Number of protein chains: 2
Amino acid sequence: MKFNDKVPIYYQIKQYVYQEIILGHLKAGQKLPAIRQLAVTLTVNVNTIQRALSELTTEGIIITQRGKGNFVTSDTQLLQALKKRIVTEQFSELYDKMLALKITPAEMVQYLKNYIDQRKEVQHD
Amino acid sequence: MKFNDKVPIYYQIKQYVYQEIILGHLKAGQKLPAIRQLAVTLTVNVNTIQRALSELTTEGIIITQRGKGNFVTSDTQLLQALKKRIVTEQFSELYDKMLALKITPAEMVQYLKNYIDQRKEVQHD
DNA sequence: TATAGTGTAATAGAAAGCTAATACACTATT
DNA sequence: AATAGTGTATTAGCTTTCTATTACACTATA
């Protein structure tokens, strides 16, 4: 797994778990891989995994059962809210950055459309 | 100035300088405040300012004249390209994150519009 | 030429993040 | 009861970032 060296790894792992839940690769109540296994898979130290999972546990997204493993919460409401929260966060960040550059909301939409068109053109090559 | 503790301060200062240039608060050829002054203004150590400016110098955005000060480049082409680069970077990041969540380009546009509408509603309170 | 205002460099130390290694505690299964 | 598979905790050491401090070098000007 590729990590951005400007942001702590444990933080990026949290985001990765969010993503896996949102994509449905991890479902409500499902058991996560063992932390030692995750450490190998993500080529990261066990303590780093621990730190990410401990924050997810604090949020109630992950439930830890000592001796058994880590599980995605069964609180489906919480999981539904998660996707909205994560997606909104991204748009919020973008919006604030654009606003700081005095770019209006209407311009933001136009910039996004233009960017999408550019990507499409490139794909067609 | 508020810094995000998940990202190095020197990196955030770089972004800040980009912003000031894009907004026209710093114009081509203009002298920047002295580094000791910047350090006070941003409540940060001189060395941290140095690191940010040294990277900006490498990019050619800032020209350093020993004993005189730091100046925004007079290369207006470079400065024009800067805004496009910075703005595009933001949309690129957003696009990739949304794609990772299997959100389609059309949905991205809709999400952005919805977010903008939400912000407008809040402002009207 | 002295002085104030600039940038530059180097050193030391603190804090955060990450790794490595080890020991321990709980659970399930044999 | 023993063992294998879990999570938990602790310690030591490395690296990056940031701070603090000091010394130095160049430029402009009184």
Side-chain angles (χ1 to χ4, degrees), chain A residues 1-18 20-21 26-75, chain B residues 1-18 20-21 26-75:
Chain A
M1 180 161 179
K2 299 178 208 156
F3 293 108
N4 173 352
D5 67 359
K6 291 281 187 300
V7 179
I9 294 175
Y10 77 88
Y11 191 81
Q12 296 179 63
I13 291 174
K14 270 180 71 177
Q15 304 294 319
Y16 171 72
V17 173
Y18 288 148
E20 290 302 291
I21 290 174
L26 286 175
K27 297 186 201 308
Q30 186 176 341
K31 185 174 186 298
L32 269 66
I35 58 171
R36 285 175 181 82
Q37 181 55 52
L38 278 172
V40 170
T41 305
L42 304 178
T43 57
V44 141
N45 191 274
V46 173
N47 297 329
T48 305
I49 302 287
Q50 271 290 43
R51 172 135 189 206
L53 292 189
S54 106
E55 294 203 0
L56 289 164
T57 298
T58 300
E59 291 179 28
I61 299 290
I62 296 296
I63 310 293
T64 292
Q65 288 188 274
R66 195 189 176 94
K68 292 185 177 176
N70 289 285
F71 301 81
V72 178
T73 180
S74 295
D75 182 341
Chain B
M1 181 160 179
K2 297 177 210 159
F3 293 108
N4 173 353
D5 67 359
K6 290 284 185 299
V7 180
I9 293 175
Y10 78 88
Y11 191 82
Q12 295 179 62
I13 291 174
K14 271 178 73 177
Q15 303 295 318
Y16 172 72
V17 173
Y18 289 148
E20 291 301 292
I21 290 173
L26 287 175
K27 296 186 203 306
Q30 185 177 340
K31 186 174 184 300
L32 270 64
I35 58 169
R36 286 175 181 80
Q37 180 57 50
L38 278 173
V40 170
T41 303
L42 303 179
T43 56
V44 142
N45 191 273
V46 172
N47 298 328
T48 306
I49 302 287
Q50 271 291 46
R51 171 134 188 210
L53 292 188
S54 108
E55 294 203 0
L56 289 163
T57 298
T58 301
E59 290 178 30
I61 300 289
I62 296 297
I63 309 293
T64 293
Q65 289 188 274
R66 195 189 176 94
K68 292 185 175 175
N70 289 287
F71 301 81
V72 177
T73 180
S74 296
D75 181 341

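To find a chain, count down the sequence lines: A is the first, B the second, and so on, and within it residues start at 1. None of these values were measured; they are calculated from a predicted model.
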For Gln12(A) and Phe3(A), the nearest pair of non-hydrogen atoms, with its separation, is OE1-CA, 3.4 Å
Side-chain donor-acceptor contacts of residues 42-49 of chain A below 3.5 Å, not counting sequence neighbours, with atom names and distances?
{"unit_1": "Asn45(A)", "atom_1": "OD1", "unit_2": "Asn47(A)", "atom_2": "N", "d": "2.8"}
{"unit_1": "Asn45(A)", "atom_1": "OD1", "unit_2": "Asn47(A)", "atom_2": "ND2", "d": "3.3"}

By nearest nucleotide on DNA chain C, pick out whichever of Leu32(B) and Asn45(A) is the more 5' one.
Leu32(B)
Between Gln50(B) (CD) and dA9(C) (P), how many Å, whole number?
8 Å
Which is the 5'-most and which the 3'-most nucleotide of DNA chain D that has an atom under 4.0 Å from a heavy atom of chain B?
dT17(D) to dA28(D)
Just wondering, more than 12 heavy atoms not from Tyr16(B) lying within 6.0 Å of its OH?
no
Distance col, row Asn70(B):CG vs Ile63(B):CD1, nearest 0.5 angstrom, shows 9.5 Å
Contact list for DNA chain C against residues 53-69 of chain B - heavy-atom distance below 4.0 Å
Thr64(B), Arg66(B), Gly67(B), Lys68(B), Gly69(B)
Do you know the tightest heavy-atom contact between Pro8(B) and Lys6(A)?
CD-O, 3.5 Å
Please list residues of residues 34-42 of chain A whose heavy atoms come under 4.0 Å from any atom in DNA chain C, ordered by number; otherwise none.
Arg36(A)
If you measure from CD on Gln50(B) to OG1 on Thr57(B), what distance do you get to the nearest 0.5 Å?
8.5 Å
Atom pairs, N/O to N/O, protein against nucleotides 10-15 of chain C, distance under 3.5 Å?
{"unit_1": "dA10(C)", "atom_1": "N6", "unit_2": "Asn47(B)", "atom_2": "OD1", "d": "3.4"}

Which distance, rounded to the nearest 0.5 Å, do you find between the CD1 of Ile9(B) and the CE of Met1(B)?
9.5 Å
Rounded to whole Å, the CD1-P distance (Ile13(A) to dG17(C)) equals 13 Å
Let me know, please, whether Asn70(A) or Asp5(A) comes out on the 5' side of the other along DNA chain D by nearest nucleotide.
Asn70(A)
At 4.0 Å (heavy atoms only), tell me whether Val46(B) reaches a base, stays on the sugar-phosphate, or touches nothing.
nothing
Please list every donor-acceptor pair under 3.5 Å in which a side-chain atom of residues 27-40 of chain A meets a protein atom from a residue at least two apart or in another chain.
{"unit_1": "Lys27(A)", "atom_1": "NZ", "unit_2": "Gly24(A)", "atom_2": "O", "d": "2.9"}
{"unit_1": "Gln30(A)", "atom_1": "OE1", "unit_2": "Lys27(A)", "atom_2": "N", "d": "2.8"}
{"unit_1": "Gln37(A)", "atom_1": "NE2", "unit_2": "Thr41(A)", "atom_2": "OG1", "d": "3.2"}

Nearest 0.5 Å, what's the CD-CG distance between Gln15(A) and Leu56(A)?
9.0 Å
